Amino acid sequence: LPGKWYAQMYILPLEFKEAHQVLCLFLFLSTLGFVELTIFPTVANLNRIKLNSKQCRIYRVRINDLEAAFIYNDPTLEVCHNESKQRNLNYFSNAYAAAVSAVDPDAGNGELCIKVPSELWKHVDELKVLKIHINFSLDQPKGGLHFVVPSVEGSMAERGAHVFSCGYQNSTRFWFPCVDSYSELCTWKLEFTVDAAMVAVSNGDLVETVYTHDMRKKTFHYMLTIPTAASNISLAIGPFEILVDPYMHEVTHFCLPQLLPLLKHTTSYLHEVFEFYEEILTCRYPYSCFKTVFIDEAYVEVAAYASMSIFSTNLLHSAMIIDETPLTRRCLAQSLAQQFFGCFISRMSWSDEWVLKGISGYIYGLWMKKTFGVNEYRHWIKEELDKIVAYELKTGGVLLHPIFGGGKEKDNPASHLHFSIKHPHTLSWEYYTMFQCKAHLVMRLIENRISMEFMLQVFNKLLSLASTASSQKFQSHMWSQMLVSTSGFLKSISNVSGKDIQPLIKQWVDQSGVVKFYGSFAFNRKRNVLELEIKQDYTSPGTQKYVGPLKVTVQELDGSFNHTLQIEENSLKHDIPCHSKSRRNKKKKIPLMNGEEVDMDLSAMDADSPLLWIRIDPDMSVLRKVEFEQADFMWQYQLRYERDVVAQQESILALEKFPTPASRLALTDILEQEQCFYRVRMSACFCLAKIANSMVSTWTGPPAMKSLFTRMFCCKTCPNIVKTNNFMSFQSYFLQKTMPVAMALLRDVHNLCPKEVLTFILDLIKYNDNRKNKFSDNYYRAEMIDALANSVTPAVSVNNEVRTLDNLNPDVRLILEEITRFLNMEKLLPSYRHTITVSCLRAIRVLQKNGHVPSDPALFKSYAEYGHFVDIRIAALEAVVDYTKVDRSYEELQWLLNMIQNDPVPYVRHKILNMLTKNPPFTKNMESPLCNEALVDQLWKLMNSGTSHDWRLRCGAVDLYFTLFGLSRPSCLPLPELGLVLNLKEKKAVLNPTIIPEAIAGNQEAAINPSSHAQLVGFQNPEDDHLAKEASCNMSAHQQGVKRKADTPLGSPLEPGQILEKNEDSSKVKLKIRFSNSQDEEEIDMDTVHDSQAFISHHLNMLERPSTPGKEQSPLEMSMHPVAAAPLSVFTKEPVSSKHSDHHHHHHHEHKKKKKKHKHKHKHKHKHDGKEKDKEPFSFSSPASGRSVHSPSLSD
Amino acid sequence: MADTAATRSGSKQSTNPADNYHLARRRTLQVVVSSLLTEAGFESAEKASVETLTEMLQSYISEIGRSAKSYCEHTARTQPTLSDIVVTLVEMGFNVDTLPAYAKRSQRMVITAPPVTNQPVTPKALTAGQNRPHPPHIPSHFPEFPDPHTYIKTPTYREPVSDYQVLREKAASQRRDVERALTRFMAKTGETQSLFKDDVSTFPLIAARPFTIPYLTALLPSELEMQQMEETDSSEQDEQTDTENLPLHISTDDSGAEKENTSVLQQNPSLSGSRNGEETVIDNPYLRPVKKPKIRRKK
């Protein structure tokens, strides 16, 4: 990348010492360490080095043993300043994106800016090696490293205390200073000194373990010789039990004390995953060792880092557990796929992320296909496709490969979203999940286009290039082979396959949106032609137009035929000739797609037509949603005879609309068919329940599925008693679990659950007997409770009477009896993952919601407390969230918000926000007593400064804010009466920023003049709406500066060397800034500085270095954020100078600064004006005019 | 002291005739012991020593009685005679000849005969049914037959439950009752939560209590399940030990089997190198011993 100040780092010895008290006194967790980076300058005039660092307290920086001055500023700590009354999300998102890019390592930025001592300039000019040595400490980190310290008696090791690194995307900067980017590779030496009872697991090979002199601690020395990005570095320390994999001795597994038997069982399968990937990629696992660590309170279930993966301990299971086993195996396989693509091969930039996620997801899919079979694989693809389609249609699209041109479109190629997609850290978690989902689906589309063989060859090529590169000594151009980029990947594809996939890439990668097809058909008997009409909707949000081939499969009496239609701009109708005449071959067997020939009862079909069923895009080779119309009997034939599980699934969905006895029969037949895929049978259950409810008046016989269940799972002699459990056949196990749940959804003519069904389920519970079963029945019992909950219907209430025990419905009494017993038994004999408690809590909430039991959150709140198993907590919190919504309880909302801020488990905090977003107490267009100014302020504060330690959480808070208030200013905020606010202290007036009429919010922001010296800002409405909006994000920052100034204390000047501390509720910034060339020290309260970028550039530009100004800084950053960077220095300047104004020593210096700064500003202004002059209806006022009151030169 | 003991026991007299009888005998013995002591010249004695001596005396007399009875039964009699007692005393090492002289010694104290108390009547066992008379071949002096219920077989006519349905029914309701009772008990003895504000007893929920290490209870199988697992596990464990041995086999003849084992051996040349050295030990850095610190020279 041009303009970067370093080429590569090589050997990055890092010593990371963990003081003993870290794990002894957990109230004072602290970590001491130092990093040493060796860098090769690539440009001669390198005079400052920017690194990423968050939370770390940096004591000292030395470069080649010379003390180096450094400044630290993190604009993401507080995105917008508190004083601002701005409350609209547009403004925040822009400011947040600007703040994140101000420290983005890929753009050469960072929170920590180190000045190269002047003595070394010559050294640098010769492009010689620099060794940077940083001493730092970490006090009670709130993110990045997570400490789990159970509060029991005993030493830390006995208590099972542990710590691990975690985070969303590149988050390594939270625990040590580094270039926190996926694209900067270097080799590593890592040292961790920990308590002797602990094990430190990290990346690379464990070279040796050495006791410290007092023999009470151990130092683990790790060496990672494969160049690795800092973001792929991880750490886990704890009193782990160690298991060497019996099949692969270089693989080591770690778990918390007492869990070793579970670990043994859980990981016993891993070697097969290894074998699979190595075989298909024809490439050895790239690292010399692999470690899996299972920890508690995990941030995510699976996190892959270089040569190690960190898993949630809740994935461990014993041999008795059925349901968790495939899930855990999937997690293991997923993490291993990411070892190849994601850890070993890293990415060039954020916009190339889709390639890594795509490939790892794709090969994981291949593993699924091999392990669980084609049915499961296709079902999974269909599920993922439905998910991404639903999400894109809801939100307006997921863009895999965003290209950020300069200029006007720099802002947001995805303007439909409430966040910027320019950085991973501004991305909503849900969006990112969907992004990954789309990425692997697109990889599959590429495979469809170029064949799997070529696909695997491409992967192999990427890997072998990377492994050749990795074995080389430091050579920047070689190591870049280990980074994948979109263009490199595409080039590789075209080299290997010789095929042009550009249209495909353009459609799905460079562009967001999915395709929405509507299909219908008519059969022309005369011509024996099928007239197919396919329409597209490409105007609604999240859709795009599809042009190209589309496969249609037609099952006729004579067989199945594929047709490829060319979808073009204007052609809607397609004529497809049919091969068979209707009803000619009555007796013949009918050949299916897979070559199978079957007998069919053809009586149901239309006598004039040979068509059995039609499928559009059966291979899912387009990211689409198809709504196809065909007759009910065709769907029924498709369900019965089409062998593709996706087709069966689709027909089940379609049959919901045809509640007829024929549909009933088709579904029942499928249910009974042993060969049929179990997931299809499971969804048939629910469809059957829906059909039965629609046919309730004409339904004959016992309730749906009852006789079936009896036949399959009950004793021959006594049909009301279920057989003793035997879950050896997993298919029937899943069916046995699901059927009662679906049956409970049946309703009689009064819309009540039939008494017969309830008795049936109660009997199942009563006669459940697991004594002879090899497997645990905890999931089965949990589903029985779910079934009970499903059977609950709203209570008939007379005059809103209070719910008491006396007027309890007798059926509900029975249900409650079971729930009570189950919930109490859980206390004595807890089930695996407390599945039963979870189901009980959900069922209680259902009873409350339906008015059978008084609505009360107290029970859930007690289960939501820290110390319960996480699944229980989430279930309880879900109930509280629901209660908050239904009862509009301000108190509970506050309780939840408090938990979001204070809960020790990051996952729970994230989940609460997520659940509140999914089930919001109110939305933007809703009147609600909960929606008030205090809440707006609270949430604003939460996303503005309260969540700076966790990207995911902050993005979650943004999502919630968006759901509650939308993009513009929340409607509940009062409209202030005064348009202008006079600031008497400063003798100036600014527009009251709280006035933001919704529609022109953007304009208003734009209207605020960016000059700090223009004190009076009138409200005007520029004509050009969109232009103003565009400028708004930049202006808004300036407004900050204006406001800020007023609050800057003009008090006593600071002595040199004095450290100014400003304590805020959430963060404490303590900085010491040295300018070594002036031999002075200035202390600056960084809170008064809004934008680090500007601040840093400002100060650095002051340094008398002829080669500096603008050369690297300006072109790069100006283009990235034309306004945000430079002019801000003006404002930051002001407090500094006022503070020091009477300090003699500084005086001269200050003047110099001022001058320089003005020059700089002018320069920038020109640039800015030049760029937008033709359209911009206003110009900025002169910044030079110190205290004079300027009316803004805005005019229409 | 003896008196107080006597009075204390006297207070119990009215309560139990059998006790009363034995206590009277014992008191006499105590008086005897006391008079013997006085005779021997003691002025006073601690209660404990008197008691001990009484105990010894009693044992001695009992032994005489027991032994004498044995001798008499040995000769097929039921009542001991004087000669039986003499033999007994001889057997116990007592010089019988000195006895008349001792009995006639001058300073002997005469104590009153113990009050005549009736031997307590042992209550008769409840008789049930008519005792059977002796059959002719049993002499009449033999003891009577016991009550008929002790030896007569009483056939019952209820068949054991073997019906599947009933068994299941029973097992289910039994388990349910036990669970219900147990949980109710737990709920009564501990803190509870309730779904209804006006009623806390109908559906008592045992209060939720957070754990310090919640994942342990959630993940580890209960002891009951663990037992079951061990039973099924034994076969699996056998397999596991087999496979654990597998790499060892390969590495011993690894020149021939290299192809199969490539992933293990060639992956890391340094690893395979060390493996050749110590073939039977799994070489994993986490299993290596921790090194002692090097002595560092302080600069």
Side-chain angles (χ1 to χ4, degrees), chain A residues 150-152 160 205-206 208-213 218 242 244 246-250 252 258-259 262 278 284-285 288 296 313-314 316 318-320 715 717-718 721 766-767 769 774 776 804-805 816 820-821 823-825 827-830 832-834 844 853-854 859 862-863 865-869, chain B residues 164-165 168-169 171-173 176 179-180 182-183 186-187 193 195-199 202-208 210-222 224-225 228-229 232-233 236 240 243-244 247 263-264 266-268 270-271 282-288 290-294:
Chain A
S151 50
V152 272
D205 291 309
L206 177 63
E208 56 177 3
T209 317
V210 185
Y211 277 116
T212 54
H213 286 276
K218 290 191 286 196
I242 300 171
V244 177
Y247 302 92
M248 307 167 290
H249 293 172
E250 50 284 89
T252 321
Q258 302 184 49
L259 300 177
L262 302 185
E278 292 187 348
R284 201 130 289 139
Y285 175 69
S288 54
D296 190 26
T313 195
N314 303 334
L316 295 174
S318 69
M320 300 174 65
C715 304
T717 49
C718 35
I721 296 179
K766 184 178 169 192
Y767 293 116
D769 185 346
K774 202 181 152 190
S776 166
T804 57
L805 201 60
L816 214 46
T820 311
R821 200 165 48 82
L823 197 54
N824 285 341
M825 276 309 283
K827 303 287 187 309
L828 309 173
L829 280 174
Y832 177 71
R833 288 191 80 154
H834 296 295
I844 291 173
V853 171
L859 178 77
S862 73
Y863 277 97
E865 268 169 39
Y866 180 68
H868 286 285
F869 187 67
Chain B
Y164 184 74
Q165 184 173 352
R168 284 294 299 275
E169 178 92 49
S173 51
R176 171 176 294 234
E179 285 182 5
R180 223 180 103 94
L182 187 60
T183 50
M186 293 296 290
Q193 289 163 318
L195 297 172
F196 295 89
K197 290 216 168 67
D198 57 330
D199 184 298
T202 315
F203 298 110
L205 298 172
I206 302 173
F211 297 94
T212 44
I213 305 182
Y215 60 85
L216 284 182
T217 43
L219 300 180
L220 285 174
S222 68
L224 191 82
E225 288 175 316
Q228 278 179 13
M229 216 164 47
T232 49
D233 247 21
E236 283 175 16
Q240 265 191 0
T243 47
E244 267 168 45
S263 62
V264 182
Q266 291 178 358
Q267 199 160 342
N268 188 344
S270 66
L271 263 182
I282 296 174
D283 183 41
N284 184 292
Y286 293 95
L287 302 182
R288 286 179 208 146
V290 182
K291 289 182 186 164
K292 294 270 164 64
K294 289 167 216 152

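Source: prediction; values computed, not measured. Numbers restart at 1 for each chain; the letters A, B, ... are given by sequence-line order, proteins then strands. Quick note: numbers below take in every heavy atom, side chains included, and nothing from hydrogens, waters or symmetry partners.
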Chi angles and distances behind the side-chain contact (heavy atoms from CB on, under 4.5 Å) call for B:Asn284, A:His249 | CA-CA 6 Å; B:Asn284 184 292; A:His249 293 172; 5.6 Å; no
Show your reasoning for whether side-chain contact (heavy atoms from CB on, under 4.5 Å) applies to B:Thr183 and A:Met825.
-> CA-CA 7 Å; B:Thr183 50; A:Met825 276 309 283; 3.7 Å; yes
Worked verdict on B:Leu219 versus A:Arg833 for side-chain contact (heavy atoms from CB on, under 4.5 Å) = CA-CA 6 Å; B:Leu219 300 180; A:Arg833 288 191 80 154; 4.1 Å; yes
For the pair B:Leu216 and B:Phe211, evaluate side-chain contact (heavy atoms from CB on, under 4.5 Å) and give the outcome as yes or no after the intermediate values.
-> CA-CA 9 Å; B:Leu216 284 182; B:Phe211 297 94; over 6 Å; no
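Looking only at side-chain heavy atoms (C-beta outward), A:Val853 and B:Phe203 stay at 4.5 Å or farther from each other. Contact check for A:Val244 versus B:Tyr286: no side-chain heavy atoms found under the 4.5 Å cut-off.
Put simply, of A:Ser776, A:Gly160, A:Cys718, the one with the most heavy-atom pairs under 4.5 Å next to chain B is A:Cys718. Contact count versus chain B (heavy atoms, under 4.5 Å) is highest, among A:Leu859, A:Leu828, A:Asn824, for A:Asn824. Note on A:Asp296, A:Ile242, A:Thr717, A:Thr212: by heavy-atom pairs under 4.5 Å with chain B, the leading option is A:Asp296. Among A:Gln258, A:His834, A:Arg821, A:Glu208, the residue with the largest count of heavy-atom pairs under 4.5 Å with chain B is A:Arg821. For the set B:Arg176, B:Gln193, B:Met186, the entry with the most heavy-atom pairs within less than 4.5 Å of chain A is B:Arg176. The most heavy-atom pairs under 4.5 Å with chain B, out of A:Asp769, A:Leu259, A:Leu823, A:Leu829, come from A:Leu259. No other option in A:Ile844, A:Leu316, A:Thr313, A:Val152 has as many heavy-atom pairs under 4.5 Å with chain B as A:Thr313.
For B:Ala207, the part lying under 4.5 angstrom from a heavy atom of chain A is the backbone only. For B:Tyr164, the part lying under 4.5 angstrom from a heavy atom of chain A is the side chain only. With a 4.5 Å cut-off on non-hydrogen atoms, A:Lys766 touches chain B through its backbone and its side chain both.
Rounding to the nearest 0.5 Å gives a distance of 13.0 Å between CG of B:Leu182 and NZ of A:Lys827.
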